[in-house]
Amino acid sequence: MDRAAFERAGGWLGAAGTTGIEFTTAGIGFVADASVSMAVDGGAFELSIDGEAKSWPSRALLKAGAVVDIRPGSLGNYGYLRFDRQIEVPLVMGSRATSSIAGIGGFEGRALKAGDVLALGATLPRGRGQHPTQAALADGPIRVIWGIHADRFSNAIRQRFVTDEFVVSPQLDRMGVRLADPLQVFADAAILSLVSDAVAPGDIQILGDGTPIVLMRDHQPTGGYPRIATVISADIDRFAQVRPGAPVRFEPVTVAHAQGLKP
Amino acid sequence: MNMTQSEPTPVLPLILPLGDRGLLVRFGEALSDEANRAAIALAGHIEAAAIPDVLEVVPNLISVLVRYEPARLTFERLAGEIRLLASAGDDRQSAGAEHRVAVRFDGEDLESVAGLLGLSVGDFLRAHNVAPLRVLATGFAPGFIYCGLHPETLVVPRRNVVRRQVPAGTVLFAAGQTAITSTAIPTGWHVLGHTGFRNFDPAAEPPTRVRAGDRVAFEAAP
């Protein structure tokens with residue numbers, strides 16, 4: 001969900017192959033059966049190794065038998081755990097990623113659960129690892145490009161969409177983030193049915209009852225609800241980390257502007 | 001200048017950004033055989049043009065998604081290339097493959113669908129299977145196939161109640177189309193029957209074998 005944080009965790013190690021573990025605010029705990037280097041990043045979680053508190057983000061050489069415990073901290077919905085070894089899961093359709101919705105890929109096509117044992121490959125040839133430092137926290141509105149159905153909404157609704165405040169709801173997963181609409185921006189947005197069309201990550205679809213949903217990395221490939229805007233690539237990672245209850249505002253930018261920005 | 005009237009002006013599709021890494025070419029607002037054929041044909045032309053830094057071309061029911069690499073290809077340049085391809089108005093497409101799909105017509109909604117259309121089950125199935133259908137699009141779920149369009153005499157709306165899950169190989173019917181599932185999905189379509197035909201194998205390369213524009217001949221399983 002937060003690709004930049006996944007990349008940063010690999011950067012602290014210098015080499016982490018293509019694999020890693022994404023965890024939510026449920027946290028994660030594990031025991032290292034053999035000595036291995038790990039790095040963590042994404043949001044701000046509480047990390048301890050053998051009961052000793054460590055900083056976040058972090059890099060550590062774990063001894064065989066080390067007990068690692070990660071619990072939710074002050075920021076973010078998603079964190080990343082990577083090793084200086086590839087996590088050995090089969091390559092499915094060119095990827096080692098997990099689609100838990102389709103039940104394909106990764107570790108048995110599902111989220112990890114207590115008792116699972118992961119195999120790690122050989123230590124990867126090491127690049128130049130960097131000392132972990134906290135990434136700068138961007139703030140401000142989430143930037144969007146007007147969507148493929150923006151013209152189906154009235155001027156008044158479009159205007160309110162980019163001025164009024166929404167709130168991230170607790171209903172969020174890798175497929176989408178439901179927003180609360182306390183100012184009822186979409187209460188009267190009656191849209192006739194649409195022919196199903198391609199979906200992009202970041203698309204903001206409006207359900208029949210006026211609920212906005214921001215479609216995320218595991219979005220469905222096609223959808224029939226109207227989409228008013230699309231979160232730009234540079235802001236999807238940041239949006240994924242906004243916690244339930246936090247306010248969010250949207251700001252329209254041009255495609256050319258969005259393409260000139262780095263995540 | 002001598003303007004000839006013989007060539008009809010092609011209907012130009014709408015070209016829209018879909019985020020900052022995608023471009024959507026849409027033919028109208030409603031599902032029609034014409035719009036669907038135009039979308040599939042244009043997807044073929046874009047593939048054939050092999051435009052550098054185009055990552056993926058996906059035909060949908062009435063549109064084409066083009067994913068591209070924005071670091072090397074701007075939206076405007078890509079839109080310009082696609083406008084030229086579309087303005088050729090060439091809606092010919094390569095003849096697709098034909099797939100024969102044997103169906104056990106034992107679905108729980110078969111009788112109610114026939115009833116909605118004022119037909120006996122036998123007459124409905126004869127009308128349904130009389131000619132191969134075109135694959136309008138694939139996707140939505142892995143390997144899912146939309147076939148159509150049926151004539152207006154065979155159109156029923158979706159069900160009011162969504163079934164939480166139907167298995168892979170379920171043959172569905174609604175909105176002038178017949179669909180085949182290749183994974184278990186929730187659906188609001190009517191269940192006509194079941195088939196051993198599968199269009200998704202994650203271990204195969206490619207994992208799906210049916211393409212938009214192919215034809216599907218439905219027949220009652222012996």
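Heavy atoms only: backbone and side chains are in, while hydrogens, waters and symmetry mates are out. Throughout, a chain's letter reflects where its sequence line sits, starting with A, and its residues are numbered from 1.
Contact annotation for B/F144: neither backbone nor side-chain heavy atoms come within less than 4.5 Å of a heavy atom of chain A. Contacts between B/P207 and chain A at a heavy-atom distance below 4.5 Å involve the side chain alone, from C-beta outward. Contact annotation for B/R67: neither backbone nor side-chain heavy atoms come within less than 4.5 Å of a heavy atom of chain A. Proximity to chain B is limited to the backbone of A/V199, based on heavy atoms less than 4.5 angstrom apart. Residue contact with chain A, scored on non-hydrogen atoms closer than 4.5 Å, involves the backbone and the side chain of B/L31 alike. Looking at B/L24, the atoms closer than 4.5 Å to chain A (heavy atoms on both sides) all sit in the side chain, from C-beta outward. Only the side chain of A/H149 has a heavy atom closer than 4.5 Å to any heavy atom of chain B. Only the backbone of B/A30 has a heavy atom closer than 4.5 Å to any heavy atom of chain A.
Note: A/I148 CD1 to B/L65 CG = 9.5 Å, rounded to the nearest 0.5 Å.
Taking both residues in full, the closest heavy atoms of A/T222 and B/Y146 are given as OG1-OH, 4.5 Å, listed atom of the first, atom of the second, then distance. Listed here is the closest heavy atom pair of B/P202 and A/V92: CB-CG1, 3.9 Å. Pairing each heavy atom of B/T74 with each of A/Q259, the nearest pair is CA-OE1, 4.4 Å. Counting all heavy atoms, side chain and backbone alike, B/G19 lies closest to A/T230 at CA-CG2, 3.6 Å.
At a threshold of 4.5 Å between non-hydrogen side-chain atoms, the residues B/D20 and A/H257 do not count as touching. Counting heavy atoms from C-beta on, the side chains of A/V195 and B/F27 never come closer than 4.5 Å.
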